[in-house]
Amino acid sequence: MAFHTLRLISIIVLASGLVAIPACKREPEAKPVVTNPAAAAAVAGRYRDVVTKLKPKLNSTDIASVDFSAKPPTVDAGSSSANWAGIKQRLNAAQSELAELGRISREPAATGMSTIGEDPMATLGTLRQLARSLRADAMRAAETKDAATAAERILTIILIGRHLSQQGDLLQALTGAAIIDLGILALEDVQSSGSGITLAPEQKQSLLAGFDSLDANDPAGILTAARSAPPDAKSSGDIDGAAQKIAAAVKTARASLK
């Protein structure tokens with residue numbers, strides 16, 4: 001589904017921290033390679049079900065207020081959970097839903113990702129909120145030296161980004177890049193948590209496989225999607241630079257797992 005406009009692109013660029021998008025010649029949109037159309041079409045519905053179940057359990061504003069650079073993490077004073085301990089309690093209550101996200105993210109292909117939220121832009125925000133929640137839970141797990149759960153949450157973030165990279169849509173690709181980057185940040189959080197956690201070889205291999213499931217030169221599908229972007233997607237930004245930025249981040253993350 002194409003929903004590019006200059007205004008929407010500006011919003012997502014600001015939200016993701018990625019560069020803005022220059023004008024591109026419109027070409028036929030790339031589509032994910034789908035060997036099981038029914039399964040791929042069901043993925044968005046499965047995401048919607050988890051979002052519905054998570055709403056009463058996790059406050060997205062609270063999750064967004066966590067400062068992971070502090071060890072242990074700190075929470076902005078305005079958060080309704082008041083502190084990191086309160087957020088961890090909420091995360092503990094959401095383990096079944098977060099685990100289900102892991103199972104959904106492993107589906108090889110997904111279609112209709114733009115339908116997860118109330119509208120396409122709401123969908124992008126919703127998926128970023130899921131990624132932030134998974135990042136927070138990876139840190140929660142790291143603090144208890146639960147390496148298996150920490151690695152699983154990081155992998156889930158990366159694979160959600162992969163689902164967005166398959167859509168052939170520039171806004172979704174940019175959001176996918178931001179989500180993949182959140183997965184990389186989650187990995188860095190765990191590696192620098194100070195808890196003494198160590199990822200086992202099989203957990204490192206699982207994460208490497210997740211990164212390997214992305215295109216090495218275009219991990220978020222930005223360049224592919226840019227080929228179908230409309231002429232009104234104009235700015236002074238560098239689309240190649242955006243793709244190179246996330247590709248370099250993935251390369252660095254992979255190296256840290258060797």
Side-chain angles (χ1 to χ4, degrees), residues 1-4 8 12 15-16 28-58 60 63 94-135 137-138 149 151-184 186 206-207 209-215 218-222 224-225 228 246 250:
M1 174 181 179
F3 50 90
H4 301 290
L8 293 181
I12 194 62
S16 67
E29 290 189 0
K31 300 295 182 184
V33 176
V34 178
T35 56
N36 188 334
V43 171
R46 293 173 65 188
Y47 274 120
R48 284 194 297 273
D49 289 344
V50 172
V51 168
T52 299
K53 293 176 182 177
L54 278 176
K55 279 184 178 179
K57 295 186 176 185
L58 294 180
S60 60
I63 297 293
Q95 289 303 295
S96 61
E97 290 81 12
L98 297 176
E100 175 63 7
L101 281 175
R103 291 187 285 271
I104 298 168
S105 72
R106 281 177 165 78
E107 291 291 340
T111 55
M113 290 290 284
S114 64
T115 68
I116 293 170
E118 295 179 359
D119 56 58
M121 284 302 292
T123 288
L124 302 182
T126 295
L127 291 171
R128 284 169 60 86
Q129 289 166 10
L130 291 179
R132 292 190 189 102
S133 296
L134 289 159
R135 179 187 182 186
D137 200 55
T149 297
E152 171 65 16
R153 301 299 184 253
I154 295 166
L155 178 61
T156 300
I157 300 171
I158 294 165
L159 296 182
I160 291 173
R162 183 195 62 169
H163 274 163
L164 281 172
S165 78
Q166 298 171 333
Q167 304 306 302
D169 182 280
L170 193 49
L171 286 174
Q172 293 184 74
L174 284 167
T175 304
I179 287 174
I180 293 167
D181 193 52
L182 280 172
I184 293 169
S206 178
L207 290 172
F211 285 124
D212 287 345
S213 72
L214 308 173
D215 185 309
D218 189 21
I222 294 173
T224 299
S228 62
I246 190 61
V250 168

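We count residues from 1, following the sequence as given. Every heavy atom of this structure was used, including side-chain atoms; hydrogens, water molecules and symmetry mates were not.
With hydrogens and angles disregarded, no donor-acceptor distance shorter than 3.5 Å links the side chain of Arg132 to the backbone of Leu182. The backbone N or O of Pro120 lies less than 3.5 Å from no partner atom in the side chain of Gln172, so there is not a single donor-acceptor pair. Between the side chain of Asp218 and the backbone N or O of Thr224, at least one donor-acceptor pair lies under 3.5 Å. Using a distance-only test at 3.5 Å, with no hydrogens or angles considered, a donor-acceptor pair links the side chain of Thr123 to the main chain of Ile116. Listed for the Gln167 side chain is a donor-acceptor partner under 3.5 Å among the backbone atoms of His163.
Here Leu101 contributes atom CG and Ser96 contributes atom OG; the two are 10.0 Å apart, rounded to the nearest 0.5 Å. Note that CG of Leu159 and CD1 of Ile154 are 12.0 Å apart. Values are rounded to the nearest 0.5 Å. The line from CG of Leu171 to OG of Ser114 is 10.5 Å long, rounded to the nearest 0.5 Å. Distance check, rounded to the nearest 0.5 Å: OG of Ser206 to CD1 of Ile158 gives 8.5 Å. The CG atom of Leu98 lies 6.5 Å from the CG atom of Leu58; values are rounded to the nearest 0.5 Å. The distance from the CG atom of Asp215 to the CD1 atom of Ile246 is 12.5 Å, given to the nearest 0.5 Å.
Pairs of residues two or more places apart, or lying in two chains, that qualify as salt bridge (charged side-chain N to carboxylate O under 4.0 Å, His left out) and include a residue from residues 35-46 are Arg46-Glu100, Arg46-Glu107. Identified under the salt bridge (charged side-chain N to carboxylate O under 4.0 Å, His left out) test for residues 113-125, with sequence neighbours left out: none.
The minimum heavy-atom distance linking Arg128 with Ala178 is given by the pair NH1-CB, 3.0 Å. For Ala41 against Thr111, the heavy-atom pair with the smallest separation is CA-OG1, 3.2 Å. Of all heavy-atom pairs spanning Val43 and Ala109, the tightest one is CG2-O, 3.6 Å. For the pair Gly112 and Ala44, the tightest heavy-atom approach, listed with the atom from each and the gap, is O-CB, 3.4 Å. Taking both residues in full, the closest heavy atoms of Gly168 and Ala225 are given as C-CB, 3.8 Å, listed atom of the first, atom of the second, then distance. When every heavy atom of Arg153 is checked against every heavy atom of Ala138, the shortest pair comes out as CB-CB, 4.0 Å.
With sequence neighbours left out, the side chain to side chain donor-acceptor pair (under 3.5 Å) criterion links Thr149 to Asp146.
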- Message: For a side chain to side chain contact (heavy atoms under 4.5 Å, CB included) check, start with the C-alpha distance between Gln129 and Ile63, then their side-chain angles and the critical distance, and finish with the verdict.
- Response: CA-CA 8 Å; Gln129 289 166 10; Ile63 297 293; over 6 Å; no
- Message: Applying side chain to side chain contact (heavy atoms under 4.5 Å, CB included) to Val50 and Lys53, what does each step give before you reach the verdict?
- Response: CA-CA 5 Å; Val50 172; Lys53 293 176 182 177; 5.7 Å; no
- Item | Pair Gln95-Asp137, side chain to side chain contact (heavy atoms under 4.5 Å, CB included): steps then yes or no | CA-CA 9 Å; Gln95 289 303 295; Asp137 200 55; 2.9 Å; yes
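Each of Ile104, Ile179, Ile180 was evaluated against Ile160; a single residue qualifies, Ile179, per the side-chain contact (heavy atoms from CB on, under 4.5 Å) test.
The pair Arg106-Glu152 meets the salt-bridge criterion, with a side-chain N (NZ, NE, NH1 or NH2) lying under 4.0 Å from an Asp/Glu carboxylate O.
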